[in-house]
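Here's the structure, in structure tokens; my notes come after.
Chain naming here is simple, since letters A, B, ... match the order of the sequence lines and numbering starts at 1 in each.
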Protein chains: 2
Amino acid sequence: MAQQRSRTDGGRRRASHSMESVLTEAVALLDEAGAPALTFRALAQRLGGGVASIYWYVGSKDELLDRATDHVVGTVLADIEKLPPGDDPIDDLRAIAVTLFDAIVERPWLGAYFMRNTELQSNSLRLYEKLGRQTLRLELDARQRFHAVSAIVGVVVGSAVDIGQEPPQEILDGAVDRDEYLGRFADTWRDLDPAEFPFVHEIVDEFDGHDDVDQFRSALELTLAGLRLQAGA
Amino acid sequence: MAQQRSRTDGGRRRASHSMESVLTEAVALLDEAGAPALTFRALAQRLGGGVASIYWYVGSKDELLDRATDHVVGTVLADIEKLPPGDDPIDDLRAIAVTLFDAIVERPWLGAYFMRNTELQSNSLRLYEKLGRQTLRLELDARQRFHAVSAIVGVVVGSAVDIGQEPPQEILDGAVDRDEYLGRFADTWRDLDPAEFPFVHEIVDEFDGHDDVDQFRSALELTLAGLRLQAGA
DNA sequence: AGTTACGATAGAACAGCGTTCGATGAGATG
DNA sequence: CATCTCATCGAACGCTGTTCTATCGTAACT
């Protein structure tokens with residue numbers, strides 16, 4: 001991954017980047033410590049160059065985020081294209097959505113920027129198309145198809161937002177692990193008045209130690225079931 | 001809304017705030033120009049006081065955001081409590097979700113912070129309970145109820161993220177209105193290769209000038225239909 | 001009434017952020 | 001060898017959240 005460098009010139013060296021290396025290192029920063037870790041200064045240091053150089057490749061931080069996001073969505077798209085096509089379009093929709101969600105679980109920062117700007121995120125648009133193409137196999141009108149894909153993307157994003165929140169400092173330090181953190185939260189819920197919060201008490205054990213993937217899967221199933229009903233299949 | 005002030009003392013006056021006034025003015029700033037407009041300096045100026053004074057009421061900006069959010073969720077909750085209870089729990093779920101979504105449409109910044117921290121957002125927790133209580137009337141187990149409410153909140157949040165994105169500068173200036181902006185976007189889609197993007201072409205007319213509320217409603221209907229199926233009612 | 005104690009306010013400073021400017025490097029082209 | 005253009009970079013600007021320290025005003029206590 002090392003870029004070509006100039007020959008020695010009195011101690012100081014000049015860095016030589018490329019769009020690829022900028023995005024790769026940006027994604028690496030995001031992966032390692034989340035969105036707040038991606039700063040122009042941190043990125044420049046990683047690239048062994050100056051801050052202003054990055055602006056030659058990218059016009060703003062928003063654009064950097066969009067391009068970095070699209071960069072990894074490209075790999076997700078590749079995974080999706082490897083999926084074996086099935087008989088049932090709804091099964092295929094599920095497979096695509098799950099693949100996307102898995103990627104967001106691995107990279108929680110992804111959820112926040114994904115699908116922000118389809119002009120700069122051409123891979124996101126392709127992914128949108130991938131989902132939509134399955135709806136073409138269902139007996140729906142154009143509006144229903146549009147809404148169906150929006151709904152599925154909405155479920156993914158809605159679940160992703162949950163995951164994407166920066167965890168509090170104590171959990172990043174490793175002082176407290178996720179289960180304990182959830183457990184504490186659950187305990188404060190258990191202390192609530194059962195008469196005033198019957199539902200919270202009903203589900204607090206489910207919340208305690210719950211799995212985000214299960215939560216997403218269930219939400220997705222509900223939407224897909226509704227869609228199947230709508231398509232009359 | 002004027003707070004008591006000290007008697008004259010050589011020209012300079014001291015401002016006197018209250019938790020209420022801090023949150024009210026914070027919400028006003030968010031309403032007027034979105035999340036980026038809420039800065040401690042802007043807020044202090046509005047309150048006629050110093051920057052550091054705000055820290056007496058609030059420990060950090062995150063806490064300010066949480067409390068401001070919960071402040072308006074309180075009014076949403078009041079609206080929800082005014083809703084007439086119906087025979088069908090699913091109809092009631094829809095009514096609650098729509099009321100919440102309407103509030104987010106009016107205050108697009110709300111979506112991003114809503115339900116971030118139920119410790120500081122007690123009204124969000126109450127709203128969560130309100131939704132959940134309807135699921136107690138359905139024939140589901142605890143886990144299904146937990147997932148059902150998560151799914152509905154997910155649909156709301158997922159749609160809210162769409163709305164919540166800061167529009168580009170040109171639309172804030174009023175130089176370009178929303179329909180024209182959507183139209184431009186649609187045009188770039190129409191320019192895509194129809195063979196490569198059949199779905200995008202199928203729905204581009206639906207996208208052009210689409211209504212966010214319709215989009216949300218449809219997604220919600222799919223989830224509710226799935227839920228009704230699951231509850232066997 | 002004078003003093004003390006404390007709730008509340010505020011100015012100034014700090015570190016970090018995205019962004020811009022102007023100068024300067026290196027490599028290819030003539 | 002001169003020129004030109006692409007690419008790089010240090011330094012500065014204005015903004016942000018946050019902290020430090022000093023101070024004011026009121027209420028309570030002797």
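In this structure, the separation between OG1 on B/Thr118 and CD on B/Glu129 is 12.5 Å, given to the nearest 0.5 Å.
Atom CZ of A/Phe40 is separated from atom C1' of D/dA12 by 17 Å (rounded to the nearest Å). The distance from atom CG of B/Leu65 to atom C1' of D/dG17 is 12 Å, rounded to the nearest whole Å. In this structure, B/Tyr55 places its OH atom 12 Å from P of D/dT16, rounding to the nearest Å. If you take CG of B/Leu47 and P of C/dG11, they are 13 Å apart, rounded to a whole angstrom. Going from atom NZ of A/Lys61 over to atom C1' of D/dT16 covers 13 Å, rounded to whole Å. When rounded to the nearest whole Å, the span between CD1 of A/Ile54 and C1' of D/dT8 equals 11 Å. One can place CD of A/Gln45 at 14 Å from P of C/dG18, the figure rounded to the nearest angstrom. Counting to the nearest Å, the P atom of D/dT8 and the CG atom of A/Leu43 are 12 Å from each other.
Set against D/dT8, C/dT19, C/dT9, the side chain of A/Ser53 has D/dT8 as its closest nucleotide. You'll find that the side chain of A/Ser60 is closest to C/dT19, out of C/dT19, C/dT20, C/dT9. Looking at the side chain of B/Arg14, the nearest of the listed nucleotides D/dT8, D/dT23, C/dG11 is D/dT23.
Residue A/Leu38 is in sugar-phosphate contact alone, with no base atom involved, counting any heavy-atom pair closer than 4.0 Å across all strands shown. If you check every strand for non-hydrogen atoms under 4.0 Å, A/Thr39 touches sugar and phosphate atoms only.
Side chain to side chain, B/Gln215 and B/His210 meet the donor-acceptor criterion of an N or O pair below 3.5 Å.
Classification of the A/Tyr128-B/Trp189 ring pair by plane angle, with boundaries at 30° and 60°, yields tilted.
Side-chain nitrogen and oxygen atoms of B/His17 include none within less than 4.0 Å of the OP1 or OP2 phosphate oxygen of C/dG7.
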(request) Give the intermediate values and the outcome of side-chain contact (heavy atoms from CB on, under 4.5 Å) for residues A/Asp212 and A/Arg178. (result) CA-CA 12 Å; A/Asp212 289 324; A/Arg178 202 194 93 109; 3.2 Å; yes
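Atom CD of B/Glu63 is surrounded by more than 12 heavy atoms from other residues, nucleotides or ligands within 6.0 Å.
With hydrogens and angles left out, the side chain of A/Arg41 and the base of C/dG18 share a donor-acceptor pair within 3.5 Å.
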